[in-house]
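Here's the structure, in structure tokens; my notes come after.
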Amino acid sequence: MSIVIFDSGFGGLTVLRESRVLMPAQRYIYVADDAGFPYGDWEEDALKERMLGLFGKIIDRLHPEQIVIACNTASTLAIDALREKFPNLMFVGTVPAIKPAAERTRSGLVSVLATPGTVKRQYTRDLIREYAAKCHVRMVGSKDLAELAENYLRDGFVDEARVEAEIAPCFVEKDGRRTDIIVLACTHYPFLVNRMRKMAPWPVDWIDTSEAIARRAVSLLPHSATQLRDDKPDIAILTSGNPDFPTERLLTGFGLVPAKSGLN
Ligand code: DGL
């Protein structure tokens with residue numbers, strides 16, 4: 001039995017990392033739709049259709065016990081449609097942590113840093129209306145941060161000036177108050193959080209949901225499933241079917257064996 005952790009790229013590795021801590025006995029299959037990356041700019045209907053097709057293949061070929069969609073851009077668009085289409089499968093979604101941010105803020109100024117797709121979703125707007133109506137929520141859609149995080153993961157380098165420019169709109173001053181919480185609503189961003197902290201004009205709390213997602217995943221599994229481990233290795237499947245050398249090195253570093261072919 002296995003858990004599939006899915007993302008458009010390698011941001012979901014933040015969730016894999018936390019999942020291994022909480023569920024070390026599980027076998028993990030990491031699936032990255034790198035052929036479709038980045039998801040942030042996709043037109044909604046086309047992306048939803050792509051995801052329904054892709055998840056059909058994932059379920060047929062891999063027979064997972066659970067699928068963790070470690071991607072806000074994908075979850076906010078398609079989690080309901082996926083649950084409807086595959087009612088017997090256990091899905092764990094990832095959505096912007098607006099509720100905990102609204103509970104924790106002192107200044108009442110909260111920013112949500114996400115891909116352009118997540119920012120424009122009805123799902124995200126509904127979360128704000130439901131949980132953060134009393135806060136001033138600034139939505140910041142970043143075109144480049146997910147890609148900067150991928151480059152950083154693969155090459156170990158990030159242009160800090162670009163990170164600074166991308167996060168700058170998150171910092172709001174209003175009536176003598178300042179933003180005190182920034183929600184990292186893309187699973188790629190925790191990889192850059194130290195750089196963000198360094199480039200921030202004032203200190204804030206950065207909310208990273210990866211541990212909460214892993215906790216949710218473990219809470220849904222039957223106790224027996226968290227104790228068993230088959231002896232197959234954890235693997236990574238890329239939809240491009242074609243990892244280059246830095247990608248192979250990255251996946252191997254996360255204890256994943258890169259599969260030789262994609263899902264097609
Ligand atoms: N990691 C994804 C998320 O959590 C998005 C990255 C992308 O495809 O742009 O939203």
Side-chain angles (χ1 to χ4, degrees), residues 4-19 30-44 46-51 54-55 58 67-82 91-98 100-101 111-125 127-128 139-154 158 162-163 166-167 170 182-193 195-196 206-214 216-217 236-240 247 250-251 254 256:
V4 163
I5 297 192
F6 173 86
D7 184 24
S8 54
F10 302 113
L13 294 171
T14 54
V15 177
L16 174 70
R17 196 164 58 184
E18 298 297 334
S19 302
Y30 189 83
V31 180
D33 185 11
D34 64 331
F37 179 86
Y39 273 4
D41 278 341
W42 274 70
E43 194 275 314
E44 293 195 343
L47 182 57
K48 197 187 277 184
E49 200 177 310
R50 179 182 181 87
M51 290 190 60
L54 196 55
F55 278 71
I58 291 174
I67 298 183
V68 179
I69 307 175
C71 177
N72 294 263
T73 315
S75 294
T76 51
L77 176 70
I79 186 94
D80 294 337
L82 287 167
F91 286 101
V92 179
T94 303
V95 299
I98 287 163
S111 292
V112 178
L113 184 59
T115 66
T118 301
V119 162
K120 66 172 191 240
R121 299 271 187 266
Q122 188 57 42
Y123 197 114
T124 309
R125 287 167 202 278
L127 287 175
I128 295 173
M139 303 292 297
V140 178
S142 165
K143 272 177 110 57
D144 295 339
L145 272 176
E147 210 144 0
L148 287 174
E150 295 248 318
N151 295 342
Y152 174 61
L153 278 172
R154 272 196 294 257
V158 65
R162 286 183 70 192
V163 173
E166 294 291 310
I167 66 170
C170 294
I182 298 179
V183 178
L184 297 176
C186 168
T187 51
H188 281 71
Y189 300 169
F191 285 120
L192 290 179
V193 73
R195 304 305 172 102
M196 293 181 184
W206 305 86
I207 298 195
D208 164 7
T209 44
S210 40
E211 187 192 335
I213 295 155
R216 175 79 185 138
I237 300 176
L238 308 188
T239 53
S240 66
T247 304
L250 167 69
L251 295 170
F254 272 84
L256 297 164

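Just so you know, ligand 1 is whichever comes first in the structure, and atom 1 is the first atom listed for that ligand. The shown structure was predicted, so the numbers you read here are calculated from the model rather than taken from an experiment. Quick note: residue numbers are just sequence positions, from 1.
In terms of polar-atom proximity, Thr115 is not counted as a contact of ligand 1, lacking any N or O under 3.5 Å from an N or O of the ligand. Considering both main-chain and side-chain atoms, Thr118 never comes within under 3.5 Å of ligand 1 through any nitrogen or oxygen pair.
No more than 12 heavy atoms of other residues, nucleotides or ligands lie within 6.0 Å of NZ in Lys48, so this atom counts as exposed by the packing criterion.
Ranking protein heavy atoms by distance to atom 6 (C) of ligand 1, first place goes to Ser8 OG, 3.4 Å. Of the protein's non-hydrogen atoms, the one nearest atom 5 (C) of ligand 1 is Thr73 OG1, 3.4 Å. Looking at atom 2 (C) of ligand 1, its nearest protein heavy atom turns out to be Cys71 SG, 3.3 Å.
Under a 4.0 Å criterion applied to the non-hydrogen atoms of Tyr39, ligand 1 contributes the atoms 7 (C), 8 (O), 9 (O). Atoms of ligand 1 lying under 4.0 Å from any heavy atom of Cys186, numbered from 1 in the order shown and given with element: 1 (N), 2 (C), 3 (C), 4 (O), 5 (C), 6 (C), 10 (O). The Asp7 neighbourhood of ligand 1 comprises atoms 1 (N), 2 (C), with distances under 4.0 Å to a heavy atom of that residue.
Atom CG in Leu192 sits 9.5 Å away from atom CG in Asn151 (nearest 0.5 Å). Here the CG-CG distance, from Asp208 to Leu184, works out to 6.0 Å after rounding to the nearest 0.5 Å.
Using a 4.0 Å cut-off between heavy atoms, Thr94 makes no contact with ligand 1 at all.
A side-chain contact (heavy atoms from CB on, under 4.5 Å) with Thr115 is found for exactly one of Cys71, Cys186, Ser8, namely Cys186.
Between Phe10 and Tyr30, the angle of the ring planes stays under 30°, which puts this pair in the parallel group of the 30/60° scheme.
With a 4.5 Å cut-off on side-chain heavy atoms, Leu250 and Leu13 count as touching.
Remark: the Thr94 side chain and the Asn72 side chain contain no N/O donor-acceptor pair separated by less than 3.5 Å.
In this structure, Gly11 has no heavy atom closer than 4.0 Å to ligand 1.
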